[in-house]
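Notes follow once the structure below has been shown.
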Amino acid sequence: MPKKSFILPLVAMLSLAGCGLAAPLSGAAEGRAVAKAEQPLDPRFFARREVMALRPEAFALMPASFPALQAMKGESEPKRQALVRAVRSDAALHQGVQAFDRLSWEQQLPLLRRFFELECKVLGIVPPELRIATDVVKGPAFFDFDPEKPGSGRVILNPEAIAKEPNKYTALLLLAHETRHSAQFQLAFDPARAAEPLPRAYQAAFRAQKQLGDKLNFCDFCTLHNEFEAFQFGNYVVGALTDWRVDTGDMGTLASQYDAHGHLKLDLLALERQVGRDGLLDAFNAREKVQYQDLYDKR
């Protein structure tokens with residue numbers, strides 16, 4: 001992957017978090033140092049209707065899957081709030097989370113394991129395998145899953161790659177994110193809930209992630225239902241536990257990020273009420289120009 005890029009922080013984070021974006025975005029990542037005013041918008045950053053139309057039920061921006069987006073709010077919010085309460089009730093863990101960016105890896109590791117156990121308990125899931133090793137994936141983190149063999153999957157953290165990340169909360173953000181994927185995956189293939197909009201959307205998203213990986217732009221990928229919600233989940237939990245001081249600008253799109261007051265930077269449900277379902281994708285792309293420019297400025 002080219003080292004100079006307006007999207008490099010996000011591409012690096014996502015490709016290393018099991019997002020599979022390094023290859024499809026490698027061409028888009030070749031932006032060079034040109035005058036800011038002359039820098040054209042690279043369309044490969046933004047969401048594309050023609051790609052999402054291949055699996056419309058998998059993407060949060062598509063009209064066909066809007067019922068799942070609505071259901072997601074009611075399913076996700078109580079669980080992430082419950083996890084925040086659970087961490088706060090564990091004084092040692094809460095203090096460790098608040099000081100996480102000042103701790104060594106050896107000090108972070110037991111906190112990560114305790115956080116993982118607590119997240120699995122709060123979410124009520126079969127714990128996935130947690131593998132912390134340097135020889136499984138090249139990037140910081142990955143959720144390993146197979147839609148043809150449903151189960152709990154594997155959550156993988158690579159401490160060597162994590163150590164290279166500038167955001168000192170990377171390990172915790174990605175652990176919360178990848179563990180949340182296991183909960184989504186288990187819900188997606190729960191036969192008792194197979195007819196519900198949200199499990200169906202999650203299953204479609206996991207399948208689309210496997211099938212369309214080389215076709216997805218950054219915003220395509222980040223608005224897959226499973227990625228959109230997992231970024232929102234991890235960003236909210238870590239943000240709430242640290243008084244919203246952690247920078248999550250490289251964790252998903254604006255629709256999965258929170259401001260310093262704990263409010264979504266871009267609320268898709270509120271935006272849909274303004275522009276309608278058919279106008280949601282274009283309105284989202286228009287607002288994503290802010291994030292695009294922020295990333296270009298940080299290149």
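Here the shortest heavy-atom pairing between D259 and K265 reads N-CG, 4.1 Å. Closest non-hydrogen pair, A60 versus H225, comes out as CA-CE1, 3.5 Å. Heavy-atom minimum distance, P56 versus A64: CB-CB, 4.3 Å. Of all the heavy atoms in P128 and S152, the pair that sits closest is CB-O, 3.2 Å. Among all heavy-atom pairs drawn from G96 and L103, the shortest one is O-CD1, 3.8 Å. In terms of heavy atoms, G234 sits closest to L173 at O-CD2, 3.9 Å.
Between Y236 and W244, the ring planes are perpendicular. Angles over 60° get that label, and only those under 30° would be called parallel. Ring-plane geometry between F143 and F206 is classed as tilted, the angle between the planes lying from 30 to 60 degrees on a 0 to 90 degree scale.
Within the 4.5 Å cutoff, no side-chain heavy atoms of N217 are placed close to those of V51. Using a 4.5 Å heavy-atom cutoff, the side chains of D190 and P199 are not in contact. The side-chain heavy atoms of L93 and L111, taken from C-beta on, include a pair separated by under 4.5 Å. With a 4.5 Å cut-off on side-chain heavy atoms, E227 and Q209 count as touching. The closest side-chain heavy-atom distance from L241 to F115 is below 4.5 Å. Contact check for F189 versus Q203: side-chain heavy atoms found under the 4.5 Å cut-off. Under the 4.5 Å side-chain criterion, counting only non-hydrogen atoms from C-beta, L281 is not in contact with R48. You'll find the side chain of F66 reaches within 4.5 Å of the side chain of L269, heavy atoms only.
With hydrogens and angles disregarded, no donor-acceptor distance shorter than 3.5 Å links the side chain of R113 to the backbone of L109. The main-chain N or O of A68 is never found under 3.5 Å from a side-chain atom of S65 such that the two would form a donor-acceptor pair. K210 contributes a side-chain N or O that, together with a main-chain N or O of F145, makes up a donor-acceptor pair within less than 3.5 Å. Counting only distance, with no hydrogens or angles, the side chain of D294 and the backbone of Q291 share no donor-acceptor pair below 3.5 Å. The backbone N or O of V238 sits less than 3.5 Å from a side-chain atom of T242, completing a donor-acceptor pair. Under a 3.5 Å cut-off, the side chain of D267 and the backbone N or O of A270 do form a donor-acceptor pair. Without hydrogens or angle criteria, N167 side chain to D247 main chain gives a donor-acceptor distance under 3.5 Å. At distances below 3.5 Å, at least one donor-acceptor pair connects side-chain atoms of N285 with backbone N or O atoms of A47. At least one donor-acceptor pair closer than 3.5 Å links the side chain of T223 to the backbone N or O of D220. Proximity of a side-chain donor or acceptor of T248 to a complementary backbone N or O of Q257 within less than 3.5 Å is not detected.
Look at E75 and R180 and you find a salt bridge, because one of the NZ, NE, NH1 or NH2 atoms lies within 4.0 Å of a carboxylate O, short of that distance. Looking at K168 and D101, no side-chain N of the basic residue comes within less than 4.0 Å of a carboxylate O on the acidic one, giving no salt bridge. Of the charged side-chain nitrogens involved, at least one lies within less than 4.0 Å of a carboxylate oxygen, so that R44 and D42 count as a salt-bridged pair. A salt bridge is absent between D144 and R131; no separation between the charged side-chain nitrogens and carboxylate oxygens falls under 4.0 Å.
A donor and an acceptor atom, one from each side chain of R207 and Y202, are nowhere located under 3.5 Å apart. Side chains of S76 and E229: a donor-acceptor N/O pair is present below 3.5 angstrom, by distance only.
The CG atom of L118 sits 6.0 Å away from the CG atom of L83 when rounded to the nearest 0.5 Å. Taking CG from L268 and CZ from F284, the interatomic distance works out to 6.5 Å, rounded to the nearest 0.5 Å. Atom-to-atom distance recorded for F142:CZ and H181:NE2 is 9.5 Å, nearest 0.5 angstrom. The CZ atom of F185 lies 10.0 Å from the CG atom of N226; values are rounded to the nearest 0.5 Å. Note that CG of N235 and CG of L264 are 9.5 Å apart. Values are rounded to the nearest 0.5 Å. A distance of 10.0 Å separates CG of L174 from CG of L112, quoted to the nearest 0.5 Å.
No continuous path of ILVMFWY side-chain contacts below 4.5 Å connects V155 to V126, so the two sit in separate hydrophobic clusters.
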From CA spacing to verdict: side-chain contact (heavy atoms from CB on, under 4.5 Å), R245, Y169: CA-CA 11 Å; R245 64 178 175 81; Y169 270 90; 2.9 Å; yes
task: List the steps and the verdict of ring pair (Phe, Tyr, Trp, His ring centres under 6.0 Å) for F233 and H177.
output: CA-CA 7 Å; F233 189 92; H177 176 108; 9.7 Å; no
- prompt: Does the side-chain contact (heavy atoms from CB on, under 4.5 Å) test come out yes or no for L216 and L224, once each step is laid out?
  reply: CA-CA 10 Å; L216 299 176; L224 283 165; 4.1 Å; yes
task: With side chain to side chain donor-acceptor pair (under 3.5 Å) as the test, would you mind laying out the steps for Q186 and S182 before giving the verdict?
output: CA-CA 6 Å; Q186 292 180 52; S182 180; 3.0 Å; yes
task: Check the pair L175 / L130 against side-chain contact (heavy atoms from CB on, under 4.5 Å), numbers first and verdict last.
output: CA-CA 9 Å; L175 177 68; L130 175 60; 4.0 Å; yes
message: Could you walk me through whether I132 and F116 satisfy the side-chain contact (heavy atoms from CB on, under 4.5 Å) test, starting with their C-alpha distance in whole Å, then the side-chain angles of each, then the deciding distance to 0.1 Å, before giving a yes or no?
response: CA-CA 12 Å; I132 300 175; F116 172 78; over 6 Å; no
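Within a 6.0 Å radius of CZ in R55, other residues, nucleotides and ligands contribute more than 12 heavy atoms. Shown here is K79, whose NZ atom has more than 12 heavy atoms of other residues, nucleotides or ligands within 6.0 Å.
The aromatic ring centres of Y292 and F46 sit less than 6.0 Å apart.
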